[in-house]
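As the structure is a computational prediction, the values presented were derived from the model and not from experiment. Each ligand, and each atom within it, is numbered from 1 in the order the structure gives.
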Amino acid sequence: MTFTPTKTLTLADKVRADFPILRQEINGKPLVYLDNAATSQKPLLVLNTLRDYYEQYNANVHRGAHTLSAKATDAYEGARDKVAKFINAASRQEIIYTRNASEAINIVAYSWGMNNLQPGDEIILSVIEHHSNIVPWQFVAQKTGAVLKFVELTPAETFDLEQFKELISDKTKLVSVGHVSNTLGCINPVEEIVEIAHRYGAKVLIDACQSVPHMPVDVQQIGCDWLVASGHKMLAPTGIGFLYGKLEVLESMPPFFGGGEMIAEVYLDHSTYADLPHKFEAGTPAIGEAIALGAAIDYLSTIGMDKIHAYEAELTAYLFQQLEQIPQIRIYGPKPDAKGEGRAALAAFTAAEVHANDLSTLLDQEGVAIRSGHHCTHPLHRYLGLPATARASLSFYNTREEIDVFIKALKETLDFFAGFLG
Ligand SMILES: Cc1ncc(COP(=O)(O)O)c(C=O)c1O
């Protein structure tokens, strides 16, 4: 297959040099990294920003009058402004730094869920959710007596909006759903979900782990009460993520973690709390990582999320075109349209008679990194009757040539198994 660059397909060519990790060989073959839904790679801007912090102005934030602490505080709080602007939050106070999306959901579960739900109240989730958006609500349900309800799939393997409309009622106090599925790749109609939920007086949390790194996301347009994301999936280091919450909602919530930084005054028998956003940020935070998240956002914004989305859609169309030519493969989730739109830039699939783990192990021999297993969506795999799937997930630094390498290795692996199994 010859590679014919088109105007938009030059994005990966332009940015690849910024990602030093991509220059290596794995098992003697050039690395083809197709596990971006699990975690993204990091550009030099992010790596250098983290290093600069530790090399030049490492100090604790909000505490010292000295120069290094002031510099660290400015950079740390400046990164919060960048997150707020990136998702169009109305105020910087609406952005709480967390370790990751899981911690962000747990903060809402413990601070809001445990204090606002009663026996018989209902929480609507979907069978598509990542474990991070199921297990915390199980804790809440077990403790408060609230009941979990699950939206299932349409025949096209997308979020069933019609069933959601039937499930929701005055008993519904919370709807917590993903924006984009990390397994099916479906893009949920979050604006409509929020609008319907709010009509019933329910609050809405959106898990935006798989959307924020790949498309423009505007919290005011979505209208959600909370939205969560992980930095490590959007070019930033691990150990940093964020919780967005509407100001009045966050103000109504008690702190969850107690400790330094989150207080106004501490007495022996009680304390008063800091204003937002610090009320939810106890202890020394991941300072360098938060600053590097700001750099990641600078990097994404310089390219433009529209451009990233458009390029990834083109790659998606190509990936599906190639995968669909392999008869043994069954891909899950909705099909993309001719332009690759209508779903995320990933494909979870199974191959007849070959376990996903064997596929990924053999592809690794060819330098191709894909994920296999349940992708932290046990209930969805169980719903689909699958023990595991293999998943290739793309980023804007991937190329058509890499998809060709993946497809060739996949076909060879399937041929090998076909011969082996007779
Ligand atoms: C849709 C979705 N939600 C939540 C998470 C959890 O992210 P983290 O492990 O960074 O908290 C992931 C990670 O794979 C995800 O894909």
Looking at side-chain heavy atoms only, is the closest gap between Phe280 and Met262 below 4.5 Å? no
Got Leu174 and Asn116 here, is their nearest side-chain heavy-atom distance under 4.5 Å? no
Residue-ligand contact [X]/ligand 1, heavy atom below 4.0 Å:
X: Ser132; answer: yes
X: Lys233; answer: yes
X: His375; answer: no

Please work out whether the ring planes of [X] and [Y] are parallel, tilted or perpendicular, with thresholds of 30° and 60°.
X: Tyr97; Y: Tyr76; answer: tilted
X: Tyr57; Y: Tyr53; answer: perpendicular
X: Tyr397; Y: Phe19; answer: tilted

Within ligand 1, which atoms have a heavy atom of [X] less than 4.0 Å away?
X: Asn182; answer: 16 (O)
X: Ser102; answer: 6 (C), 8 (P), 9 (O), 11 (O)
X: Gln210; answer: 1 (C), 15 (C), 16 (O)
X: Ser230; answer: 7 (O), 8 (P), 10 (O), 11 (O)

What protein heavy atom lies closest to atom 15 (C) of ligand 1? Include the residue and the distance to one decimal. His130 CD2, 3.3 Å
For atom 3 (N) of ligand 1, what's the nearest protein heavy-atom neighbour? Residue, atom name and distance, please. Asp207 OD2, 2.5 Å
